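Read through the structure below, which is laid out as structure tokens, and then see the notes.
Not measured: the values here are computed from a predicted model.
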Amino acid sequence: MAADLEASGDPIPAPADPAAWPAWRERLAAWREEARRRRAYDPAPYLSPDFAWAADCVTTHKILLWDERFHDRDRGGYRVDAYVDGFERRFGVLDGAILWHAYPNLGFDRRNQFDFYRRMPGGLDGLREAVDRLHRRGVRVLLDYNPWDRGSRREDRPDHEVLAGLVAALDADGLYLDTMAEATADLRAALDAAKPGVVLESQFTAPLDRIGDHHMSWAEAFPDTAVPGVLRNAWCERRHMTHVVRRWMGDRRGDLQLAWMNGAGVTVWENVFGSWNGWSDRDALWLRLWSAVRHRRARRFARGDWTPLAASPADGVFGSTWEAEGSRLWTLVNRDDAWKRGVAVPAADGEACELFSGRRLAVRDGHVRVDLPPRGMAAVDDARVDDGFLRSQAKLWRALAGASDESGPRPVRVVRSDPPVRGAASAGMAARRGARRGRTSAMRRRECGGYGSAHAPDCPDRALPGLHETVTLEVPAATAPFAIDRRSVTNAAFLAFLERTGYRPRHAMAFLEDWRDGRPPDGRLDDPVTWVDLGDARAYAAWRGGRLATEAEWQAAAEEGLLDDDPVRVWNWTDPVFGDGRTRFCMLKGGSAFQAAGSDWYADGGPREPAFAAKHLLLWPGLDRCGTVGFRTAVDLEGGGG
């Protein structure tokens, strides 16, 4: 029977018949003891004061560093306090944050995942200041590790040493292991040497052999059943913090129930690599109610006696108990889409409270009566609860009645576009007189989306359907007569611009990074200029009496054979810039000579057909500048000709 449980998946399913639950719980307990004995399990890491914080890191948040509410593009800094304030108003206490940094832009050039942290606003010093401010707000910080990054620039040290150095430099508290179930032993050793108490959190379920040194893990898109299952690692080590998360689903109540019945945590993830999949107001309120109780009874969940599926007090209603120091807490879930009213829950003589609705309950005949909304939750506690907490919960509970259940993408709009600049085609430009009313765009389906967010509200898995396939779509666009550079702007032309104008960008990080002593390398004057951002490109275009070429113009000119090949193929920036209020982006055209190899997760590279577009998220100049991206300028032709 122990072997059956070992191979039964995660969460471990429960029998449908409540009469079978006592025997099932006995099997669970026996299997846990056997699994620990066979692995010579040592709980010492969970007893260390350095790691104690992990068991109470209940609510975490995956922060995309491109999110405009977290960084200040103009100032080159971070809006930490405003961001945390906004999160906690909506969701409740924030315990931890994953600072996601490289994907989906990783792979456009040779910069590796570690370079992305180094080139965030203010560099590592600026990011360290943001970490310090998060710490002052009581938020633990995890960095991200992408083990699949093998096709970019390689460091002169192994990854585990670089990661340990970043953790120490940024005073990070943990490391999120993207696409991994466990870390290598040398990474664990390097982190221990760098700083005490650095937690590893795996994206996939950490093996039982490793929960001793992996204090946290994700339960992403776990397939729970009608009768709530038991999370494997939470059962084997109560202090192991499992965070339930699902990136694409629109209804989060099932995930909250899974966490609630298992004493687990929750990860809030709305900005999915540039695609917005926001929580509904209803689900955010449920999390705020849930979070308040979960934090208030944190010790009970981490160290009390847990009885999974202690009762099913009504059809579709399931309850577990958490007992400590003579008091008992019932965690209850309603799996049905209808109200369950007057559900009888066992309670000791005296007073009990329902902590979600904030109601004090009378005990009669050894039971209290509670109401559970459709797909809702309840918490019956016989320990003392102060009036202030109950009033706060009752206010949120009342707000649930009118809360919207709508979620999903935010509308995308043009947030920056060069105004028309009328003129004549100058030397090196090609003129196009005909009008164009639409075009076909091709792109690879990626999690960052296309012209809008990727969105799959009913997707039960972590992967989008058709991920990495090339898709085509009709894009409404009108192009008036225009002229465009036949070739990308060269190093020589950009050098002349600098010498004649004295232009210097406000934020100089990575500006013309491949130049030496203010000049292009020998033999590369005719190569396209790279390591310039959109602001640098617009400044040059304005000096030339033009503007940045639009995506539609670039594609029309390329499809009609008006663009010449560059000595080195590079992507081109195009106008306009789009945004949804959280993430900005533009489209790159043309492809590049460089293509990162070894993983589908890399950004697009290699030569591309004129219709192909690659979405490039925009953060700030120091990161936006890229070794494989140049630009072309354009003008609006006067009189419809050139």
Side-chain angles (χ1 to χ4, degrees), residues 11-29 224-231 234-235 244 253-264 286 289-290 292-294 296-297 300-301 304-324 326-385 390 393-394 396-397 400-401:
I12 300 170
D17 184 0
W21 293 349
W24 172 73
R25 288 195 296 266
E26 289 179 4
R27 289 176 54 212
L28 276 177
D224 202 7
T225 52
V227 178
V230 168
L231 293 172
W235 177 251
V244 178
R253 290 174 296 177
D255 286 344
L256 289 170
Q257 288 187 352
L258 177 62
W260 186 232
M261 291 292 284
N262 282 272
W286 270 119
L289 286 161
W290 176 98
V293 179
R294 182 60 181 78
R296 190 176 187 87
R297 294 292 183 249
R300 193 94 59 91
F301 285 106
D305 293 326
W306 173 20
T307 303
L309 294 179
S312 178
D315 289 343
V317 176
F318 303 92
S320 297
T321 59
W322 311 79
E323 299 181 66
S327 61
R328 178 173 59 180
L329 172 70
W330 279 91
T331 56
L332 299 154
V333 298
N334 175 13
R335 296 300 224 193
D336 290 350
D337 289 318
W339 275 88
K340 302 291 181 174
R341 298 190 183 275
V343 176
V345 180
D349 291 339
E351 185 181 77
C353 295
E354 201 292 293
L355 301 182
F356 280 74
S357 61
R359 294 172 55 223
R360 297 194 185 275
L361 305 173
V363 180
R364 293 188 177 91
D365 300 324
H367 291 80
V368 294
R369 300 281 178 174
V370 299
D371 298 333
L372 285 90
R375 307 274 307 282
M377 295 173 286
V380 175
D381 195 357
D382 58 16
R384 290 187 58 83
V385 183
L390 295 179
Q393 292 290 93
L396 296 174
W397 181 262
L400 265 178

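A donor-acceptor pair under 3.5 Å links the side-chain atoms of Asp382 to the main chain of Arg328, judged by distance alone. Counting only distance, with no hydrogens or angles, the side chain of Ser312 and the backbone of Val317 share a donor-acceptor pair below 3.5 Å. The main-chain N or O of Met377 is never found under 3.5 Å from a side-chain atom of Gln257 such that the two would form a donor-acceptor pair. The main-chain N or O of Val385 is found under 3.5 Å from a side-chain atom of Arg360 such that the two form a donor-acceptor pair. Using a distance-only test at 3.5 Å, with no hydrogens or angles considered, no donor-acceptor pair links the side chain of Asp224 to the main chain of Pro11.
Closest non-hydrogen pair, Trp24 versus Pro13, comes out as NE1-O, 3.3 Å. When every heavy atom of Ala259 is checked against every heavy atom of Trp290, the shortest pair comes out as CB-CZ2, 3.8 Å. Annotation for Val230 and Asn262: closest pair CA-OD1, 3.3 Å, computed over non-hydrogen atoms. The nearest pair of heavy atoms linking Leu332 to Gly319 is CD2-CA, 3.6 Å. Across every non-hydrogen atom of Leu361 and Cys353, the tightest pair is CD1-C, 4.2 Å. Closest non-hydrogen pair, Gln393 versus Leu355, comes out as NE2-O, 2.9 Å.
To the nearest 0.5 angstrom, Arg253 atom CZ is 11.5 Å from Arg335 atom CZ. For the atom pair CE of Met261 and CG of Leu231, the computed distance is 11.0 Å after rounding to the nearest 0.5 Å. With values rounded to the nearest 0.5 angstrom, Thr307 atom OG1 is found 12.5 Å from Trp21 atom CH2. The CG atom of Asp381 lies 11.0 Å from the OG1 atom of Thr331; values are rounded to the nearest 0.5 Å. In this structure, the separation between CZ on Arg25 and CG on Leu309 is 7.0 Å, given to the nearest 0.5 Å.
With sequence neighbours excluded, no residue forms a ring-ring contact (aromatic ring centres under 6.0 Å, His included) with Phe318. Evaluation of the ring-ring contact (aromatic ring centres under 6.0 Å, His included) rule for Trp306 yields Trp235, Trp322 as partners, not counting sequence neighbours. Judged as a side-chain hydrogen bond (donor to acceptor under 3.5 Å, both in side chains), and not counting sequence neighbours, the contacts of Ser327 are Arg300. By the side-chain hydrogen bond (donor to acceptor under 3.5 Å, both in side chains) test, Trp330 pairs with no residue at all, sequence neighbours left out. Arg296 pairs by the side-chain hydrogen bond (donor to acceptor under 3.5 Å, both in side chains) definition with Asp386, not counting sequence neighbours.
Ring geometry for Trp286 versus Phe356: interplanar angle of 30 to 60°, hence tilted.
Within 6.0 Å of atom CG in Asp365, 12 or fewer heavy atoms from other residues, nucleotides or ligands are found, so the atom counts as exposed in its surroundings.
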Listed pairs under 3.5 Å, donor-acceptor, residues 368-376 side chains, sequence neighbours left out:
unit_1	atom_1	unit_2	atom_2	d
Arg369	NH1	Gly342	O	2.9
Asp371	OD1	Gly342	N	2.7

